Amino acid sequence: MRAGVTPLVEVEDLHVHFGAARAVDGASVRVLPGEVLALVGESGSGKTTLIRAIQGLQKPTSGVIRVDGTGGSSPGHVQTIFNPTVQMVFQDPTGALNPRQTIYEIVAEGLRIKRHAGSETEQVAAALSRAGLRPPERFFPLYPHEVSGGQRQRVVIAGAMVMEPRLLLADEPVASLDASIRGEILALMRRLVDETGLAILVVTHDLGLAWNIADRVAVMYLGRIVETGPTEQILENPRHPYTRALLSVVPETREMEQQILTGEIPDPARIPAGCRFHPRCPLLQSGDLPEAISSRCPIDDPGPTPLEAVSAAACWAVTSGVDSTAIGLNPG
Amino acid sequence: MTSIAMQRRRATASRVWAQFRGSRQGMIGLAVLLVFVAMALAAPLLADVRELNPVFARAQGNPQWAPPSVFPPLGTDYIRRSVWAQFVWGSRVSLFVGLAATVLTILIGSVVGIVSGFVGGKVDAIFMRVTEWFLVIPFLPLAIVLASVLGRNVWNIIFVIGITSWPSTARLVRAQVLTVKQRLFVDRARSLGAGGGHIVAHHILPNVSGLILANATLAVPISILTETTLSFLGLGDPSAASWGKTLEEAFVNGAMARNAWWYFLPAGLGILAVVLAFTLIGRTLEEIANPRLSRSR
Amino acid sequence: MSDALLSIRDLSITYHSQGRAVPAVRGVSLDIEKGGSLGLAGESGCGKSTLANSILRLLPAGTEVTGQITLDGKEVLGLSPGGLRAVRWTAGAIVFQGALHALNPVQTVGDQIAEPMSLHRTVANDDAAKDRVVELLRRVGLPAARAESYPHELSGGQRQRVLIAMALACDPHLLIADEPTTALDLMVQAQVLALLDDLKEERNLTLLFITHDLSVLTYACERLAVMYAGRIVEEGPAWEVFENGSHPYTRALAAAFPTIGDVGSRMAPSGLGGDPPTPGDLPGGCPFHPRCPLAHDACLPAEPELRISGEARSAACVLV
């Protein structure tokens with residue numbers, strides 16, 4: 001972490017439980033001003049629940065969410081107060097837009113809610129053109145179904161940017177878009193960061209997206225961050241066996257030997273004891289781990305990655321200094 | 001800016017109208033309804049209101065039980081009143097009671113449905129238990145008790161119909177609100193800092209209003225039929241000559257036995273026509289609001 | 001190609017909706033040899049799913065289809081209803097995207113897998129069908145007990161496996177997979193791709209794989225065809241086309257999914273301006289020219305035909 005920079009958002013030991021299901025189970029994450037953090041995980045990892053909690057759309061069970069240095073100060077205290085400095089971009093732009101509102105009304109909605117002073121028309125126009133919809137006046141009277149999917153996502157981004165947020169939470173922002181549109185939207189997001197100093201926390205299962213725009217990556221598994229670090233380090237030299245397995249199955253990475261994990265993410269209502277990844281861990285299954293470590297995995301929880309860590313992996317093998325890269329690649 | 005929005009709204013309205021015009025059943029319903037509305041509005045021009053008064057009728061020298069051939073256009077009843085006058089003025093009462101009771105039904109039903117669906121939790125549970133309670137009360141006994149307790153006048157009839165027929169609307173609206181509430185644009189509004197009132201006004205209502213409108217047009221015929229039923233059972237307003245009341249009097253005074261078809265047929269056909277007209281319009285609006293219905297036919 | 005299992009010649013498909021003709025596929029020819037695999041790439045509205053459905057004649061009534069489709073030596077477009085039934089499932093079967101609505105919600109998955117077998121009488125009796133269902137479930141990596149489950153009790157990956165088992169029920173020669181991994185997570189996608197790969201080897205299946213993700217196709221198929229606005233704009237060996245596309249659209253699609261570790265794409269997402277064209281409202285000349293970074297005057301007069309762009313490769317671009 002850069003010295004002297006106040007984090008824009010800090011999530012500390014967050015828990016969101018739905019009955020017995022622990023969707024988020026002790027996640028800690030921080031985003032600094034002007035950076036893009038990619039929160040990577042499969043469905044069921046709790047990544048969407050985590051950002052919904054930051055936005056205040058989901059009530060946390062316990063934990064602290066500090067936005068811009070404000071918010072709950074004591075651990076266990078829950079804050080869900082709406083904060084206009086945090087805005088959200090959704091996976092499905094079609095669903096995120098009210099079909100009965102014009103694009104002008106959609107973008108102006110935030111301004112009207114916070115009773116913003118100044119010319120509404122000018123600000124809506126500015127937000128639309130910043131989102132790449134030019135000339136903005138042409139889009140004012142259109143309904144969402146009258147523009148393309150990519151343009152709809154730009155409307156969602158304009159509707160968020162009009163609030164002048166400092167942090168944008170993006171939930172799979174390009175997953176529902178056509179391949180050729182994807183790059184344009186990602187380029188727009190990166191440009192907003194570089195030009196306005198915005199920070200983005202983007203949730204995705206797409207590692208290529210992280211490579212395209214993220215400064216840092218946090219990998220989530222069963223409600224927790226299991227590995228975090230700078231993008232190059234995580235995507236080129238991952239240490240946690242889960243991250244390594246994920247990367248090995250990206251179709252674009254041909255050099256790595258595939259490690260296809262069996263089964264799917266376990267039910268969050270039945271999180272395995274010890275290390276939550278141990279039943280699927282290829283490292284443990286390879287039998288190459290020293291007895292001192294392999295006996296520990298099913299019993300001892302390595303715990304979540306700490307909030308302050310610049311780079312960390314929640315894995316007994318990694319914390320014990322075993323070179324996991326040497327073992328994981330050559331099973332048997 | 002709002003002017004552009006208004007223009008677009010008008011464009012939407014004209015699109016709905018164009019779709020409506022394309023539907024034969026809808027246009028037939030609308031034409032029939034317009035005839036009856038015109039008749040109700042023009043009642044003073046079409047028939048002397050004093051014709052409803054038996055004293056006036058006797059003084060006029062009207063015959064008793066006269067068929068249309070003797071006393072045009074629709075003959076007279078057992079106390080010499082003109083059936084045509086009863087038919088014309090009855091359309092006023094029937095349409096008014098039908099519409100007013102519908103407004104009440106839809107108002108209660110929509111408010112309960114929206115609050116219940118949107119707020120959820122305990123409020124929803126309580127509202128829905130109350131709704132179910134109203135839903136399972138046998139309608140007629142309740143209506144009879146209410147009518148006799150409250151007294152027999154038009155406003156009480158409207159109240160009785162409204163209070164007993166809102167539950168189905170409430171359940172329908174609630175179900176729709178529950179689906180709209182799940183939509184992503186509601187989350188989006190929340191992340192913009194919108195409160196419940198804003199979300200209901202800008203996102204929930206516009207997306208359930210089509211359903212409410214369609215439901216309203218379908219509730220009118222039910223209200224009219226209910227009014228007819230109550231009047232027929234003798235629970236109607238004795239001073240208001242509704243179609244239901246005409247049918248009741250015709251029945252009680254043996255019009256069937258006398259084969260005095262001109263006495264009960266106009267009111268009966270009037271009810272049938274208006275009910276059918278509203279149903280056709282409602283069906284058409286429903287199909288426009290929910291295109292899947294028309295495709296699956 | 002004489003040993004082609006599937007051969008399509010000059011196929012055009014036009015939908016008619018509200019009095020308007022919408023050309024979805026415009027003159028497509030392609031071949032897949034027995035045991036081969038072809039990946040068909042393209043974005044929404046490019047006609048790739050229409051093409052897939054036409055092979056088993058699954059298009060809505062009133063759709064205009066011209067050209068030739070030869071599957072397993074049979075002219076699909078000229079088949080009688082009886083002959084068509086035989087072609088469906090036994091000659092070729094389709095695996096749809098594993099969404100919930102692809103399966104009947106009130107039938108157990110076992111019954112749904114057994115259905116095509118009893119329809120085509122490929123099994124002697126109910127007991128034989130049950131055995132076969134269990135065998136198929138095992139083959140796609142699901143426990144036999146799953147036969148008693150209903151679709152909503154399964155995860156997306158498990159539903160996709162069920163759909164694959166269903167398609168395999170009558171031992172088809174051609175397997176058409178329409179976006180079978182799109183809704184799946186990375187790891188589950190890898191599991192399904194590996195399963196398809198194994199099945200292909202083991203049963204000498206011919207595979208037509210359709211998705212918008214070029215990298216998945218490159219991984220799963222030997223050859224690759226890229227569709228844009230109802231036509232094939234490039235075709236060739238998968239890896240070569242992905243790595244070194246001749247058509248600017250192919251290059252844009254390939255660049256949309258960056259190679260991790262590739263310095264050029266780091267912090268530089270790459271995309272195309274504009275939107276995919278709507279069928280029925282195509283730009284004149286080369287339909288790609290409004291979005292093409294290399295467009296010039298030569299692109300305007302006429303739509304370019306596919307021409308040879310390398311060994312066993314072709315592309316439809318004036319620059320080739």
Side-chain angles (χ1 to χ4, degrees), chain A residues 36 40-45 132 147-151 174-175 177-191 194 205-215 231-232 234-237 242 245-256 258-265 280, chain C residues 41-46 141 154-158 181-195 211-220 228 239 242-243 249 252-263 265-278 288 291:
Chain A
V36 178
V40 171
E42 297 178 89
S43 40
S45 64
V147 300
S148 70
Q151 288 171 334
V174 294
L177 302 178
D178 269 322
S180 66
I181 309 297
R182 182 193 130 88
E184 293 275 293
I185 298 290
L186 293 182
L188 167 66
M189 289 169 59
R190 189 65 230 183
R191 199 162 55 240
D194 294 339
H205 68 277
D206 177 352
L207 296 171
L209 183 156
W211 181 257
N212 269 160
I213 63 167
D215 298 288
T231 304
E232 277 88 354
I234 300 290
L235 296 187
E236 292 187 306
N237 201 8
Y242 177 64
L246 268 189
L247 261 159
S248 78
V249 298
V250 174
E252 292 88 2
T253 49
R254 306 217 117 202
E255 307 79 41
M256 289 176 89
Q258 281 210 336
Q259 292 177 351
I260 300 183
L261 303 177
T262 49
E264 295 174 24
I265 289 195
R280 300 175 78 202
Chain C
E43 299 176 90
S44 52
C46 76
L154 306 180
S155 70
Q158 290 173 326
T181 62
T182 302
L184 304 179
D185 273 317
L186 205 51
M187 194 54 72
V188 183
Q189 166 177 297
Q191 293 168 353
V192 170
L193 290 179
L195 171 64
T211 173
H212 67 283
D213 189 335
L214 216 56
S215 58
V216 166
L217 292 180
T218 308
Y219 177 81
Y228 191 79
W239 189 246
F242 181 66
E243 285 277 271
Y249 179 63
L253 270 193
F257 302 95
T259 305
I260 287 163
D262 164 40
V263 184
S265 57
R266 175 75 183 126
M267 289 296 180
S270 143
L272 277 172
D275 293 295
T278 24
F288 184 59
R291 303 177 73 196

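The model shown is predicted, which means the values in this text are computed figures rather than measured ones. Each chain gets a letter, A, B and so on, in the order its sequence line appears, and its residues count up from 1.
Between C:R291 and A:S180 there is a side-chain heavy-atom pair separated by less than 4.5 Å. Residues C:S270 and A:N212 have side chains not in contact (no heavy-atom distance under 4.5 Å, counting atoms from C-beta outward).
For a residue to count as touching a neighbouring chain, one of its non-hydrogen atoms must lie under 4.5 Å from one of that chain's; by this rule C:L253 touches chain A with the side chain only. With a 4.5 Å cut-off on non-hydrogen atoms, C:Q158 touches chain A through its backbone and its side chain both. For C:A268, the part lying near chain A is the backbone, with the side chain staying farther off; criterion is any non-hydrogen pair under 4.5 Å.
Residues C:P258 and A:G208 approach most closely at CG-O, 3.4 Å, considering heavy atoms. In this structure, A:E264 and C:G157 approach most closely via the heavy-atom pair OE2-CA, 3.8 Å. A:H205 and C:L184 get closest at one heavy-atom pair: NE2-O, 4.3 Å. Looking at every heavy atom in both residues, C:M187 comes nearest to A:L246 through CE-N, 3.8 Å. The shortest non-hydrogen separation linking C:Q191 to A:I260 is CG-CG2, 3.4 Å. Contact record, C:V188 with A:E42: N-OE1, 4.3 Å, taken as the closest heavy-atom pair.
Between A:E184 atom CD and C:L272 atom CG the span is 7.0 Å, to the nearest 0.5 Å. Distance CD1/A:I181 to OG/C:S44: 8.0 Å, rounded to 0.5 Å. Here the CG-CG distance, from C:L186 to A:L207, works out to 5.5 Å after rounding to the nearest 0.5 Å. Once rounded to the nearest 0.5 Å, the distance linking CG of C:D275 with CG of A:L177 reads 10.0 Å.
Most heavy-atom pairs under 4.5 Å with chain C, from the set A:A175, A:G44, A:A210, A:S43: that is A:S43. The candidate with the highest count of non-hydrogen atom pairs below 4.5 Å against chain A, out of C:S265, C:A190, C:A252, is C:S265. Heavy-atom pairs under 4.5 Å with chain C peak, among A:T231, A:D194, A:I185, A:V174, at A:T231.
Every residue meeting the salt bridge (charged side-chain N to carboxylate O under 4.0 Å, His left out) condition with A:D206, not counting sequence neighbours, appears here in chain and number order: A:R182.
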